[in-house]
S.K.: 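Handing you this structure, nothing more for now.
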Amino acid sequence: MNNKTKNTDKGIKAFNTIYIFGIVFAGIKLIEYLQWTFQLIRKWNLPEEPFFSKVNLMNSDVEISITAYLIFAIAYIIVFGFIFLGLYQLNKTAKLFAEKNIFQKEVSSAFKRAGKSFLAFAFGTLIIDIAVLAWAQTSNRVIDLLSTELIVFIILGYLMYFLADIFREGITLKEENELTI
């Protein structure tokens, strides 16, 4: 039994390390997005760095107003915040696991909320990129917007839903087991 506790603790410590890296990485990206947006607001001119959408408008003769760029940038920043919400929910489950509260409704709910957050980020950025494509009326294809990041967050979001269902089923089995004793 003691060996199982050590393995669980190692898993939680490993998750906490990955969680910290995720928060740092997402924080750095958010700071980059904010810097670009603040440069746009301050100078009311496009910054030297390309816009952070997957739509490449740098070497094209497409004209988008500064206001439209600002709206797309703010939408991106808002949608990017869903990564932090998803990571927060995953951290919540790790804390519940550390407390040995495994088959609880809170665990299932936290996984489901994390899944919703990751899917909101993935589909939100895709919708914003499609809106940028439509606004710019470029010849880029929507299929070009499918990036590894987008696919990973879609898979991660649906994986969280899957885990929520597994834990919900575990809760049901636990409750049935407690009734038979």
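Basis for what follows: all heavy atoms, side chains included, without hydrogens, waters or symmetry-related copies.
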S.K.: Going by heavy atoms in the side chains, are Leu96 and Gln104 under 4.5 Å from each other?
M.R.: no
S.K.: Rounded at 0.5 Å granularity, tell me how far CZ in Phe38 sits from CD1 in Ile31.
M.R.: 11.0 Å
S.K.: Looking at Lys116 and Tyr161, what are the two nearest heavy atoms and their distance?
M.R.: CG-OH, 2.9 Å
S.K.: Decide if atom OH of Tyr88 counts as having more than 12 heavy atoms of other residues, nucleotides or ligands within a radius under 6.0 Å.
M.R.: no
S.K.: Show your working on side-chain contact (heavy atoms from CB on, under 4.5 Å) between Leu150 and Phe123 and close with a plain yes or no.
M.R.: CA-CA 8 Å; Leu150 177 75; Phe123 290 119; 5.7 Å; no
S.K.: Please name all residues satisfying side-chain hydrogen bond (donor to acceptor under 3.5 Å, both in side chains) with Asn16, sequence neighbours left out, ordered by chain then number.
M.R.: none
S.K.: A side-chain contact here means heavy atoms from C-beta on lying under 4.5 Å apart; do Ile83 and Phe153 qualify?
M.R.: yes
S.K.: Is it possible for you to say whether Ile74 and Phe84 belong to one hydrophobic cluster, with membership spreading through side-chain heavy-atom contacts below 4.5 Å?
M.R.: yes
S.K.: Would Trp36 end up clustered with Ile78 when hydrophobic side chains under 4.5 Å apart are linked, directly or stepwise?
M.R.: yes
S.K.: Got a second to check how far Ile171's CD1 is from Ile102's CD1, nearest 0.5 Å?
M.R.: 11.5 Å
S.K.: Where do Ala94 and Ile12 come nearest, in terms of heavy atoms and distance?
M.R.: O-CD1, 4.0 Å
S.K.: Is there a path from Leu30 to Ile41 through hydrophobic residues (I, L, V, M, F, W, Y) whose side chains come within less than 4.5 Å of each other?
M.R.: yes
S.K.: So, for Thr93 and Ala110, which heavy atoms are closest and what is the spacing to 0.1 Å?
M.R.: CG2-CB, 3.4 Å
S.K.: Mind running ring-ring contact (aromatic ring centres under 6.0 Å, His included) on Phe167 and Phe97 for me, showing each step along the way?
M.R.: CA-CA 12 Å; Phe167 280 91; Phe97 288 161; 5.6 Å; yes
S.K.: Mind listing the closest non-hydrogen atom pair of Leu85 and Ser117 along with its distance?
M.R.: CB-OG, 3.6 Å
S.K.: Test side-chain contact (heavy atoms from CB on, under 4.5 Å) on Lys112 and Asp165; report intermediate values, then the result.
M.R.: CA-CA 8 Å; Lys112 191 170 187 174; Asp165 289 344; over 6 Å; no
S.K.: Could you state the interatomic distance from CZ (Arg168) to OG1 (Thr172), rounded to the nearest 0.5 Å?
M.R.: 8.0 Å
S.K.: Checking side-chain contact (heavy atoms from CB on, under 4.5 Å) for the pair Phe118/Leu90: CA distance, chi angles, key distance, verdict?
M.R.: CA-CA 11 Å; Phe118 293 141; Leu90 289 179; 3.8 Å; yes
S.K.: Could you see if Leu173 belongs to whatever hydrophobic cluster contains Leu163? Use Ile, Leu, Val, Met, Phe, Trp, Tyr and a side-chain cutoff under 4.5 Å.
M.R.: no
S.K.: Quick one: are Trp44 and Leu70 in side-chain contact, heavy atoms under 4.5 Å?
M.R.: yes
S.K.: How many angstroms lie between atom CG of Leu133 and atom CD1 of Ile128, to the nearest 0.5 angstrom?
M.R.: 12.5 Å
S.K.: Could you please spell out the steps behind the side-chain contact (heavy atoms from CB on, under 4.5 Å) verdict for Phe111 and Leu159?
M.R.: CA-CA 9 Å; Phe111 274 127; Leu159 178 65; over 6 Å; no
S.K.: Could you tell me the separation between the CZ atom of Phe121 and the CG atom of Leu156, rounded to the nearest 0.5 Å?
M.R.: 11.0 Å
S.K.: If you group Ile, Leu, Val, Met, Phe, Trp and Tyr by side-chain heavy-atom gaps below 4.5 Å, do Ile166 and Met160 land in one group?
M.R.: yes
S.K.: Between Ser108 (side chain only) and Ala164 (backbone N and O only), is there a donor and an acceptor less than 3.5 Å apart?
M.R.: yes
S.K.: Quick one: does Thr125's side chain have a donor or acceptor within less than 3.5 Å of a partner on Ala122's backbone?
M.R.: yes
S.K.: So, do Lys92 and Glu106 sit near enough that their side-chain heavy atoms are less than 4.5 Å apart?
M.R.: no
S.K.: Restricting to non-hydrogen atoms, name the atom on Leu34 and the atom on Ile77 that form the minimum distance, rounded to 0.1 Å.
M.R.: CD2-CD1, 3.6 Å
S.K.: Atom CH2 in Trp135, atom CZ in Phe72: separation rounded to 0.5 Å?
M.R.: 6.0 Å
S.K.: How far apart are the closest heavy atoms of Phe80 and Ala26, and which atoms are they?
M.R.: CE2-O, 3.2 Å
